[in-house]
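Remember, it's a predicted structure, so these values are computed and weren't measured experimentally. Labels below follow one simple rule: chain letters A, B, ... track the order of the sequence lines, proteins then strands, and each chain is numbered from 1.
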Amino acid sequence: MRWSKAFVPTLKEVPAEAEIASHQLMLRAGLIRKLSAGAYTYLPLGFRSLLKTVEIIRDEMNATGAQEILMPAIQPAELWEESGRMKDYGPLLMQFKDRAGRHTVLGPTHEEVVTDLVRNHVSSYRQLPLILYQIQTKFRDEIRPRFGVLRSREFLMKDAYSFDVDLDGLNRSYEAMYRAYCRIFERCGLDFVVVEAESGPIGGDVSHEFMVPSDAGEDILLQCSACSYAANAERAEVGLPEQLKQRLHQPRTVSDVPAVQKVDTPGRTTIEQVSAFLNCRPEQMIKTLIYLADGQPVAVLIRGDHEANEAKIRRALGVSELSLADAETIERVTGAPVGFAGPVGLSCRIVADRAIAEIEDGVTGANEADAHLVHVVPGRDFPWPEFHDLRVAVHGDPCPRCGAALRQRRGIEVGHVFKLGTKYSEALGAYFLDAHEQRRPVIMGCYGIGVNRILAARIETHHDEHGIIWSTTIAPYRVLVLPLAMQKEQIVQTAERIYEELRRRGVDVILDDRDARAGFKFKDADLIGFPLRIAVGERGLKEGVVELKWRGSDQVQKVPVGEAVERVLAELDRDEAETQRRVDRHGPPIVR
RNA sequence: CGGGGCGUAGCGCAGUUUGGUCAGCGCGCCUGCCUUGGGAGCAGGAGGUCGCCGGUUCAAGUCCGGCCGCCCCGACCA
């Protein structure tokens with residue numbers, strides 16, 4: 001490509017709308033432009049990177065035996081009613097009625113459509129296993145699109161779906177996808193970690209996320225400082241030290257805590273307000289949350305400085321529906337308005353996070369308006385409750401595997417794999433006949449990659465004050481030939497020769513043939529971040545050399561003009577081999 | 001959806017408090033000269049219904065009302 005003919009609108013100044021590095025650089029380097037909130041045009045350079053990423057994904061997916069298909073973005077709403085997901089996915093769906101009045105949605109994901117396909121065309125165990133995938137635009141009416149392409153309303157997703165006859169088959173498919181994902185992200189030049197995850201509205205029980213650690217990430221992950229445990233904060237378990245474990249079975253007898261005392265706390269309903277008003281620490285407070293668990297009120301006790309984890313509560317209670325109770329229910333259950341609930345004298349079921357067992361002299365709501373209780377001792381003033389891990393894990397908590405401290409960091413989710421089981425096959429009726437003529441639901445898994453996010457994550461984690469630092473694998477062009485002065489015949493001719501020869505040898509290369517000053521071209525080159533730069537200038541030519549420089553390095557290699565092309569090819573080969581080594585270094589996946 | 005901020009030329013911004021030489025600056029763009037190893041210099045020039053609609057006023061970018069768009073924070077009693 002000749003730069004003079006290319007549509008590459010770079011920006012010297014940072015657009016006001018962009019806050020994080022990747023967003024700013026994608027705009028400045030002329031990779032994307034915004035149409036409206038969460039909707040972006042990919043310009044030629046950005047689109048090249050996107051397509052290269054797609055090709056890597058396709059290559060690795062095909063290598064697993066998965067088969068590529070393309071499903072419609074337009075989906076009948078009935079399918080979503082049928083799967084039961086209209087309810088919990090509803091607000092996220094872009095919906096419309098077509099001219100015939102048919103309720104239609106734009107696909108945010110394709111479990112329904114692919115399961116419909118399979119139920120209609122797979123009826124025998126002989127047709128399984130099967131993995132189908134597609135790379136397609138997804139639509140989600142996000143609450144708040146943000147950070148450029150990191151959370152957008154329209155984005156490119158690779159979604160794969162596996163269909164197996166039994167759990168062993170599912171495990172094999174899952175592992176194959178997991179392995180392929182590691183290879184894909186490694187090839188794209190991402191530093192990623194795999195974490196245990198909550199499956200959310202997709203459903204299923206086992207799930208892993210592929211995270212690129214970065215402060216710009218929206219997810220919080222907890223990683224053990226000693227062992228290999230890593231999990232999304234939504235999922236992370238809190239380790240149980242032996243000492244605390246003992247205590248859970250046997251309330252300590254405390255003799256030096258005075259009797260419970262009721263104190264006035266007019267209008268103080270939050271932990272902050274009460275702790276400030278009564279001058280106590282949030283760690284002393286017993287937060288009492290009234291939930292409706294499958295319609296039944298349950299009081300959940302959480303230490304004041306901790307946060308309840310609804311997924312954990314749901315699992316601990318063994319219920320499918322869980323939500324915080326409405327004001328009316330709270331008043332009925334506790335006898336007090338919202339903000340004054342406490343476990344003392346409460347008649348409904350009570351479950352507590354394990355940290356409650358360590359409170360010796362607690363503060364909690366009095367189940368009476370404008371009043372709290374102090375000197376509350378669990379086991380003395382209210383029955384010793386059942387204990388579970390019910391809170392969100394935080395930095396410093398013990399690892400559930402080895403007890404070492406968990407470290408907290410933020411991460412960008414680039415991929416997610418789920419073991420779905422039979423959620424969709426049963427809801428939509430995807431059955432097959434096994435070898436014993438038994439009718440059984442297909443066992444499913446699903447596997448997603450946010451393609452746009454790969455670009456953003458790479459940039460977010462690989463840039464400097466001058467611009468982007470691409471991996472050669474997904475850079476818009478791998479090589480830039482940069483003649484320093486266009487009015488010097490010899491410079492232009494040399495640059496042209498190298499450019500043409502590289503093209504002939506199959507290298508994707510761009511020639512900056514713009515009649516601009518050298519400094520200007522250098523700035524653009526660094527901003528976009530073409531990995532390998534060949535500068536052709538008067539100074540070098542006097543010695544018969546051109547200058548080779550990798551974007552991420554300070555080293556400039558002087559190479560005789562005649563050897564330039566071979567050297568570039570050798571450098572690219574070396575780089576490729578290095579990538580391959582990194583990919584191969586990934587051993588068997590950590591699938592639990 | 002709640003809170004906060006913003007909307008003036010392609011980009012970044014000033015001007016709005018106190019209505020009236022208030023259509024401005026820098027970058028970018030065009031023309032010419034000059035320059036050519038890290039976003040040069042000089043001269044000339046093009047480009048804006050001041051987000052939209054309505055109101056107040058002799059007069060509105062500026063005041064009032066409504067709407068739209070964009071960005072950031074936060075979302076289900078703690």
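A/Ser36 comes within 4.0 angstrom of the backbone, heavy atoms only, and of no base. A/Arg533 comes within 4.0 angstrom of a base, heavy atoms only. Residue contacts shown for A/Arg144 include a base, since a base heavy atom lies under 4.0 Å away. Heavy atoms of A/Thr269 sit under 4.0 angstrom from primed sugar atoms or phosphate atoms, though from no base atom. At the heavy-atom level, A/Ala18 lies nowhere under 4.0 Å from the strands shown. A/Tyr291 comes within contact range of no nucleotide atom at all, as no heavy-atom separation falls under 4.0 Å. At a threshold of 4.0 angstrom between heavy atoms, the contacts of A/Gly304 with the nucleic acid are absent. Across all strands shown, A/Ile302 has no heavy atoms under 4.0 Å from either base or sugar-phosphate atoms. Heavy atoms of A/Glu547 sit under 4.0 angstrom from at least one base atom. If you check every strand for non-hydrogen atoms under 4.0 Å, A/Ala341 touches nothing. The residue A/Arg303 sits apart from the nucleic acid: no heavy atom pair falls under 4.0 Å.
Atom CD of A/Glu283 and atom P of B/A78 are 18 Å apart (whole Å).
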Collect all protein-nucleotide pairs involving nucleotides 34-36 of chain B in which both atoms are nitrogen or oxygen and the distance is under 3.5 Å.
unit_1: B/U35; atom_1: O2'; unit_2: A/Arg517; atom_2: NH1; d: 3.4
unit_1: B/U35; atom_1: O2; unit_2: A/Arg517; atom_2: NH1; d: 3.0
unit_1: B/U36; atom_1: N3; unit_2: A/Gln487; atom_2: OE1; d: 3.1
unit_1: B/U36; atom_1: O4; unit_2: A/Gln487; atom_2: OE1; d: 3.2

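Between A/Arg281 and A/Asp305, no side-chain nitrogen of the basic residue sits less than 4.0 Å from a carboxylate oxygen of the acidic one, so the salt-bridge criterion is not met. A/Arg349 has a carboxylate O that lies under 4.0 Å from a charged side-chain N of A/Glu386, or vice versa, which qualifies the two as a salt bridge. At a threshold of 4.0 Å, the pair A/Lys138-A/Glu154 does not count as salt-bridged, since none of the basic side-chain nitrogens sits closer than that to a carboxylate oxygen.
Distance check on atom P: B/G69 versus B/G24 gives 32 Å, rounded to whole Å. B/C25 and B/A46 have their P atoms separated by 13 Å, with the value rounded to a whole Å. Taking atom P in both B/C6 and B/G54, the straight-line distance is 26 Å, to the nearest Å. For the C1' atoms, the distance from B/C11 to B/G48 is 14 Å, rounded to whole Å. B/C63 and B/C1: their C1' atoms are spaced 31 Å apart (whole Å). Comparing B/G3 with B/C13, their C1' atoms sit 26 Å apart, to the nearest whole Å.
Base pairing of B/G37 is not made with any nucleotide, judged by Watson-Crick or G-U wobble geometry with both donor-acceptor distances under 3.5 Å. The partner of B/G20 is B/C58, judged by Watson-Crick or G-U wobble contacts that both fall below 3.5 Å. With a cut-off of 3.5 Å on both Watson-Crick or G-U wobble distances, the partner of B/G2 is given as B/C73. Under the Watson-Crick or G-U wobble criterion, with both distances below 3.5 Å, B/U31 is paired with B/A43.
Taking for each of A/Val556 and A/Pro145 the nucleotide of RNA chain B with the nearest heavy atom, the 5'-most of the two is the partner of A/Val556. Residue-to-nucleotide proximity on RNA chain B shows that, of A/Lys523 and A/Gly339, the 5′-proximal contact is made by A/Lys523.
Qualifying side chain to side chain donor-acceptor pair (under 3.5 Å) partners for A/Lys312, counting only residues two or more places apart in sequence or in other chains: A/Asp389. For A/Arg533, the salt bridge (charged side-chain N to carboxylate O under 4.0 Å, His left out) partners are A/Asp526, not counting sequence neighbours. Under the rule for a salt bridge (charged side-chain N to carboxylate O under 4.0 Å, His left out), the partners of A/Arg48 that lie at least two apart in sequence or sit in another chain are A/Asp508. Checked against side-chain contact (heavy atoms from CB on, under 4.5 Å), A/Ser152 has the following partners two or more places apart in sequence or in another chain: A/Phe155. Listed by chain and residue number, nothing satisfies the salt bridge (charged side-chain N to carboxylate O under 4.0 Å, His left out) test with A/Asp326 (two or more places apart in sequence, or in another chain). In this structure A/Arg410 satisfies the side-chain contact (heavy atoms from CB on, under 4.5 Å) test together with A/Ile220, sequence neighbours excluded. For A/Glu566, the side-chain contact (heavy atoms from CB on, under 4.5 Å) test picks out A/Arg505, A/Leu569, with sequence neighbours left out.
Listed in residue order, the members of residues 372-394 of chain A having a heavy atom less than 4.0 Å from RNA chain B come to none.
Taking every side-chain heavy atom of A/Ile143 into account, B/A75 is the closest of B/A75, B/A78, B/C70. Out of B/G12, B/C72, B/A78, the shortest distance to the side chain of A/Arg146 is found at B/C72.
OP1 or OP2 of B/G28 sits under 4.0 Å from a side-chain N or O of A/Lys12.
Aromatic pair A/Trp80/A/Tyr89: centroids less than 6.0 angstrom apart. Note: A/Trp3 and A/Phe530 meet the aromatic proximity criterion, with ring centroids under 6.0 Å apart.
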### Query
Which nucleotides of nucleotides 5-10 of chain B have their base under 4.0 Å from a protein heavy atom (B), which only their sugar-phosphate (S), and which neither (-), written as one string 5' to 3'?
------

Taking distance alone, no hydrogens or angles, what donor-acceptor pairs closer than 3.5 Å link side-chain atoms of residues 269-276 of chain A to residues at least two apart or in another chain?
unit_1: A/Thr270; atom_1: OG1; unit_2: A/Gln273; atom_2: N; d: 3.1
unit_1: A/Thr270; atom_1: OG1; unit_2: A/Gln273; atom_2: OE1; d: 3.4
unit_1: A/Gln273; atom_1: OE1; unit_2: A/Thr269; atom_2: N; d: 2.9
unit_1: A/Gln273; atom_1: OE1; unit_2: A/Thr270; atom_2: N; d: 3.2
unit_1: A/Ser275; atom_1: OG; unit_2: A/Ile271; atom_2: O; d: 2.9
unit_1: A/Ser275; atom_1: OG; unit_2: A/Glu272; atom_2: O; d: 3.2

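Where stacking is scored as ring centres under 5.5 Å apart with planes under 30°, A/Phe522 registers as stacked on the base of B/G38.
Applying the salt bridge (Lys or Arg N to Asp or Glu O under 4.0 Å) test to every pair with at least one member in residues 15-36 of chain A, sequence neighbours left out, gives these pairs: A/Glu17-A/Lys34.
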